[in-house]
Every structure is written in structure tokens, then in C-alpha cells.
*Asks:* 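Would you mind keeping the following structure in view while I ask a few things?
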Amino acid sequence: METHSAPSSDRSDFIRDIIAEDLAAGRHETVVTRFPPEPNGYLHIGHAKSICLNFGAARDFGGRCHLRFDDTNPVKEEQEYIDSIMTDVRWLGFEWGEHLYYASDYFEQLYEWALHLIREGKAYVDDLSAEEIRAYRGTLTEPGRPSPWRDRAIEENVDLFQRMRKGEFPDGSRVLRAKIDMASGNINMRDPVMYRILHATHHRTGDAWCIYPSYDFAHGQSDAIEGITHSICTLEFQDHRPLYDWFVENLPVPSRPRQYEFARLNLTHTVLSKRVLLRLVKEGHVRGWDDPRMPTLSGIRRRGYPAEGIRDFAAIIGVARADSVVEIEMLEHAVRNVLNRTTLRRMAVLDPVKVVIDNYPEDADEEFEVPNSPEDPDAGTRMVPFSRELWIERDDFMEDPPKKFFRLAPGREVRLRSAYFITCNDVIKDTDGRVTELRCTYDPETRGGSAPDGRKVKATLHWVSAAHAVPAEVRLYDHLFSSAVPGTTGDDLFDDLSPTSEVIVRGARLEPALADMPVGATVQFERLGYFCVDPDSAPGAPVFNRTLTLKDTWARLRARSA
RNA sequence: UGGGGUAUGGUGUAACUGGCAACACGCCGGAUUCUGGUUCCGGAGAGUCUAGGUUCGAGCCCUAGUACCCCAGCCA
């Protein structure tokens, strides 16, 4: 059974409440939503919230969700973005089937409707420049003034608009405006621009057009054409709703969609502004749009976050109309929750220190059968080689351990996972006092990891046989920004970039089973965290990304007492 | 008196539309554990922005405030 989005369905939200009520009241036979990205950038975790809402709500009520590219601005949009957006939406687990649309498919219809409005005396061609239009628009507290071209004769408007389409006028020389109310308190209603002249090649329509509709003139009508019942968008479009309604009510559109707004996602230690993300990439603070620290879906994917975890996250944060900032721990919890369940366990030593088992035969060698997952017995086992010289984690030894330190120390016995109990007898250091080697003895009776006499140890360590170890590069990732809400500390936002958001470890040692995993595969390095294979891996030279650490009580204790 | 929104533990959401403020994250403690993980118990933490009012009873209703967010692209 597929646990598609477990935490959701039992919980509703105000959008689903509205849909349920509309369906119950018979206002619609079936719900139709849409996810309408502009193909001018990469999708990020904020979009994921919207995708889960639109596709999720439609699915919950047996309706459908369209994928529609809002491609009304040829100077910003590219096919590359269309491809990446489709990849990301599918990766998230949603499918639009045959319902793939482009606002640009409606250009001809939109043009006809513009003419309709002109003939009704509800739209006019304005010769004012962009600056003049701005000046005439007034301010937040002062009403605007009518353009001198506002009362042009209908026939003249028709003629001019047709000639705009034919390309008789240069960019910026004229626009088509809706004739609504220059004194409205809502600035969107002060004769908004419907069409602008743009002699630009569109990624889909090529040079067929040199006038392009604005968002406001395209969106609602596109919804109406597709029979969208619930047009869900973010809060900043609230002020546009009266305009959305005005167009739909003044045009002979085939259906009557309604717009509803919800609060966009904000995440601690993260920035979701397109401008800032672009700067991160352009200025080289990250490896690119798919850098594992980026909140883009491609970055998150490369980081190893599973789509199911993102869907669960969207379900637990809910949907509301109040601005909010979600703690990134919520996301991390959702991701760990999935990874704990789905991931295979392996052993890897990131910061190795040598252990020599003095009483283990010099040239001997053996293998242990180690379970792949404590969460899932069906995951089976794999064989892990063992020998006289091993690597363990430097953090797992302390020469002078404090009270609560349970791991290896002089004279102390611990378990090597699934192998033997070992006791540390001697510590060898270099001239700087740095530990280079631990001389230990093992108890042959404890083969497999438990003592026949029933004695216990307080710690189990992960290890890798030195002779069989696979060297690897491991990239440790952490929050990109140090402060919870970047940019509120006053200084430049980029001063807040965490210097340890990426720490590269070159001398990691892996158990052999980790040698040839496919790119993208995720495993748990026992006691350390979840890691996935980065595309930078080469045969014999794997590169792993740390997706997330495991929760670490010891680290917390240490930090508390520090 | 420009317009439009929003206020519930530290954080994100609930509260059958007037009936003991709940869930999750996080935090603290304990049990279990061959991962200081997982799991399992238990706990602290808000009286719902403020002040009035209606009511047997208000987070939900009324009045007056306060704070914060969005809007002056030929971007979406």
C-alpha cells in the first residue's frame, strides 16, 4: 500500500472547506484547480506548498489540476524553465495528464476579448509614456487623473489596437488600458494596462505577436477558458481580485472562476526570494541552482530530501491566510521521518582514527552479516569485512572522558557494531599530541556483537576495516543562513551566510557496500545521518552529500554544558 | 478616515460556527534499544493583540483601539 501523503487527508484547511461547501451546494460538479508558474525561474519549496495544495485538493475531491505556464512576458521566459518545472512537479509526485496549458495558447482569444471591451467602451489605447502613466496614476493616498486619451472614440481605439498588433508602433509607445476608475482606492483598478507592445520573440509563439497581455488581463480569462473552479494564489494578489472579477464579469467567458488567496511559505534559515536566489548563484555563493543548500526543488532533490517528505511537510504546516514563518525543523522532521523508514543502513567513518586490535591475528580477515535496517527486517543483510586494523570516528574516543561520555576511552570496553567488543589499552599520539592510533584488544567470545556472559557495554561504535575501506569525499551541509530570519540583523543579507553551510571532507572511509551506489541513492550512515550519492561522483571516487544529521542527544548535551 | 488583509503556547495549524483551547514541531524528563537514532511513556509551556460590551457561558458576536503584512511594473 502506498503511503502517499499520510498526514494530510484527515486535516482540512480553509481552501478545502470552501471547495467542499461549493461541491455540497452544487455550485460545481467537479473541482478544477491549476498550478500556474511563470517559466522564468526554478521552482522552490514555496512553490511546493502551492503545488501540493492545488494538486492535493483536486485529488482529494476527485477533481483535476492543470499545469499552466503563465507565459505572457517573452522577455523573461525560456523553454529551459518549462522543462525544469515539469521535471520538478513530476518529481514531487503529481501528474497533470493531458491538462498541460499555456497562457500563450489563448493569445488570439484574449485579443478578441480586448477588442470586445474596446467596442463596449471599456478599454482604450493610451499614448502616454510609462512615466506619464505612473504620474497620472496618483499615489496610495491621492486619486489618479484620467489620461488625456481616455475618451478616444471607439473606432479610433479599435483601429489603433489593430495597428498595435500589426507592429506599426514601437515598444512602449502605446498600451491598451481597461477603463475602470482612476479614483479607486485600489490602485489596480485605476485603468490597468491590458496590453503592451513588445517586439520580442516568444519562446512558443515566436514572432507571431508584438503585443502581449498583462498578467491581469490573462490570468482570470485563462482560468475561465479551462473551466477552473478555484483559482488559488498567494496573498499579494488579493488586491487584484476585484480586477480579476471585473474582466471575467465584463467578458463573454465560458465559465466563472473564483480566486482565493493563501499565505505563501516562509522558512527559517532560508530565503525564497527569486532575486536573492539568483544573486546566490550569480555571485558564486553556491554551486548553482541545484546546490544542495538551495531551497529550489532541484537543490533539495540533490540534497537527498525525498518528495514524500516534502509532501508530508506541506500537509503538516497547513494552509492559512496569516503571514507566518515555519521553523525549518518541521521540514527536517518530515524528511527524517521518511528517511528513517526507507533508508538502508551503512557504516562510514568521516573523521578516521586508526584502531589496531593487538590480539587479532596479523593476516586474518573475516566477514560479519549486518542487518540493512532495524526498521525493516525484510531489508535483509549484507556482509561487512573485518580485520586487525580498523577506522573509527575520532569523536568516538576521548582520552580523558567527561562524566556522560559513553564511548571509547582508555581501559574502557565498547562494541563495534555487529562485530566484537574491544577494549582500549594504549593511546599513541604524534608530536603535536594528536591521537594517531589506538591499541586495543578484542574478546573473541563476543563475535557478532554480544557477550555470552551477558555483560553490557554502554556504547556501540561504527567502524570500517582499513584494508577494505573505500575512500570518498563527503560534503556536509547545514543551513545556508545563520540567523533564523535572514536579513533582520540589519547588515547585508549576505553577511548572514553561514561559513559552515558546506564542509567538505575528503578522507572519509566507507564500507565496501557503499562503493558503487547509483547517483541519487540515499542511505543512512549509522550514527551520523542520511547521505546521498552526488552527481559529482566518478567510478571509484564516490561523493556523498549529507542530507541531514541524525538527531544527536550527545551533541546537545555537550552544547548545553559548553 | 487611500485601499486590501492578518492577529490563538517559542513555531506552524485546530477548535463541530457561542459550550472544559486541541494536534504537530521544538524543549525537558524517564523506559526500551547492538545507532546517544527509532519507538514508548510522562512533563513544562497560551486563557486566544488590547480595552470595553452582549450572554448562564465568548477564541468565535458587538464597539473602539493597537500591531504587523500587501499595493503606486508597460513583472507575475
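Sequence lines set the chain letters: A, B, ... in the order given, protein chains first and strands last, and positions in each chain run from 1. Hydrogens, waters and symmetry mates are skipped; everything else that's a heavy atom, side chains included, is used.
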*Asks:* Would you indicate what A:Pro37 reaches in the nucleic acid, counting non-hydrogen atoms under 4.0 angstrom: base, sugar-phosphate, or nothing?
*Replies:* nothing
*Asks:* Applying a 4.0 Å non-hydrogen cut-off, can you work out what A:His219 is touching in the nucleic acid: base, sugar-phosphate, or nothing?
*Replies:* nothing
*Asks:* Would you say the side-chain atoms of A:His269 pair up with the backbone N or O of A:Phe481, donor to acceptor, closer than 3.5 Å?
*Replies:*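 Yes, because the side chain of A:His269 sits within donor-acceptor range (under 3.5 Å) of the backbone of A:Phe481.
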*Asks:* Scan nucleotides 27-33 of chain B nucleotide by nucleotide, 5' to 3', and note B when protein non-hydrogen atoms come under 4.0 Å of the base, S if they reach only the sugar-phosphate, - if neither.
*Replies:* SSS----
*Asks:* In plain terms, say whether A:Glu38 and A:Lys76 are close enough for a salt bridge, that is, a side-chain N and a carboxylate O under 4.0 Å apart.
*Replies:* no
*Asks:* Tell me, which of residues 180-198 of chain A have any heavy atom that sits under 4.0 Å from an atom in RNA chain B?
*Replies:*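 Close to the strand are A:Gly185, A:Asn186, A:Ile187, A:Val193, A:Arg196.
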*Asks:* Taking the six-membered ring for Trp, are A:Phe544 and A:Tyr530 closer than 6.0 Å centroid to centroid?
*Replies:* no
*Asks:* Using the test side chain to side chain donor-acceptor pair (under 3.5 Å), find all partners of A:Tyr477 that sit at least two apart in sequence or belong to another chain.
*Replies:*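 So A:Tyr477 forms a side chain to side chain donor-acceptor pair (under 3.5 Å) with A:Glu502.
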*Asks:* Looking for any heavy atom pair under 4.0 Å, which part of the strands does A:Asp552 touch: base, sugar-phosphate only, or nothing?
*Replies:* sugar-phosphate
*Asks:* In whole Å, what separates the P atom of B:C75 from that of B:U13?
*Replies:*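 Those two atoms are separated by 33 Å.
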*Asks:* Using a 90° cut-off around 0 for syn, call B:U55 syn or anti.
*Replies:*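 Because its glycosidic torsion lies more than 90° from 0, B:U55 adopts the anti conformation.
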*Asks:* Applying the Watson-Crick and G-U wobble criteria at under 3.5 Å, what pairs with B:A67? Answer none if nothing qualifies.
*Replies:*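 Its partner is B:U6 (Watson-Crick or G-U wobble, both distances under 3.5 Å).
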*Asks:* NA contact type, A:Leu128, heavy-atom cut-off 4.0 Å: base, sugar-phosphate, or nothing?
*Replies:*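 Counting heavy atoms under 4.0 Å across all strands, the contact made by A:Leu128 includes a base.
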*Asks:* Strictly below 4.0 Å: does A:Arg137 bring a side-chain N or O up to OP1 or OP2 of B:G73?
*Replies:* yes
*Asks:* Any chance the rings of A:Tyr124 and A:Phe161 have centres within less than 6.0 Å?
*Replies:* no
*Asks:* Quick check, are the ring centers of A:Phe405 and A:Trp554 under 6.0 angstrom apart?
*Replies:* yes
*Asks:* Using a 4.0 Å heavy-atom cut-off, does A:Glu526 contact any base of the nucleic acid, only the sugar-phosphate backbone, or nothing at all?
*Replies:*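 Answer is base: heavy atoms of A:Glu526 come under 4.0 Å of a base.
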*Asks:* Is the shortest side-chain N to carboxylate O distance from A:Asp127 to A:Arg152 below 4.0 Å?
*Replies:*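 Yes, charged N to carboxylate O under 4.0 Å.
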*Asks:* For a quick test of your reading: what N or O donor-acceptor pairs under 3.5 Å do the side chains of residues 374-385 of chain A make, sequence neighbours left out?
*Replies:*
unit_1, atom_1, unit_2, atom_2, d
A:Asp376, OD1, A:Asp378, N, 3.0
A:Thr381, OG1, A:Glu369, OE2, 2.6
A:Arg382, NE, A:Glu511, OE1, 3.1
A:Arg382, NH1, A:Arg345, O, 3.2
A:Arg382, NH1, A:Pro371, O, 3.0
A:Arg382, NH2, A:Arg345, O, 3.4
A:Arg382, NH2, A:Glu511, OE2, 2.4

*Asks:* Would you say B:G37 has OP1 or OP2 under 4.0 Å from some side-chain N or O of A:Arg336?
*Replies:* no
*Asks:* Strictly under 6.0 Å, is that where the ring centroids of A:Tyr215 and A:His219 end up?
*Replies:* yes
*Asks:* For B:A44, what is the paired nucleotide under Watson-Crick or G-U wobble rules, both distances under 3.5 Å?
*Replies:*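 No nucleotide pairs with B:A44.
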*Asks:* Which glycosidic conformation, syn or anti, is assigned to B:G52 if syn requires a torsion within 90° of zero?
*Replies:*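 Chi for B:G52 falls in the anti range.
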*Asks:* Of A:Tyr212, A:Tyr195, A:Tyr111, which is the lone residue that meets ring-ring contact (aromatic ring centres under 6.0 Å, His included) with A:Phe217?
*Replies:* A:Tyr195
*Asks:* Provide, to the nearest angstrom, the distance between the CD atom belonging to A:Glu38 and the P atom belonging to B:C75.
*Replies:*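 Distance, rounded to whole Å: 10 Å.
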*Asks:* Compare side-chain N and O positions of A:His333 against OP1 and OP2 of B:C25 and report whether any pair is under 4.0 Å apart.
*Replies:* yes
*Asks:* Kindly say if A:Arg527 contacts the phosphate of B:G36, meaning a side-chain N or O under 4.0 Å from OP1 or OP2.
*Replies:* yes
*Asks:* On a whole-Å scale, what distance lies between the C1' atoms belonging to B:A44 and B:A58?
*Replies:*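 The same atom, C1', in both gives a distance of 27 Å.
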*Asks:* How would you summarise protein contacts on nucleotides 9-18 of chain B per nucleotide, using B for base, S for sugar-phosphate only and - for none, with heavy-atom distances below 4.0 Å?
*Replies:* -BBBBS----
*Asks:* Using a 90° cut-off around 0 for syn, call B:G47 syn or anti.
*Replies:*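 What B:G47 shows is a syn base, its glycosidic angle lying within 90° of 0.
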*Asks:* Would you check if there is a donor-acceptor pair between the side chains of A:Arg34 and A:Ser231 at a distance under 3.5 Å?
*Replies:* yes
*Asks:* Any residue in residues 452-460 of chain A with a heavy atom nearer than 4.0 angstrom to RNA chain B? Just list them by number, or reply none.
*Replies:*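 Hits under 4.0 Å, by residue number: A:Thr460.
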*Asks:* Under a 3.5 Å cut-off for both contacts, is B:U1 paired Watson-Crick or G-U wobble with anything, and if yes, with which nucleotide?
*Replies:*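 Its partner is none (no Watson-Crick or G-U wobble pair with both distances under 3.5 Å).
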*Asks:* Please determine, for the side chain of A:Ser214, which listed nucleotide (B:G36, B:A76, B:A72) has the closest atom?
*Replies:* B:A76
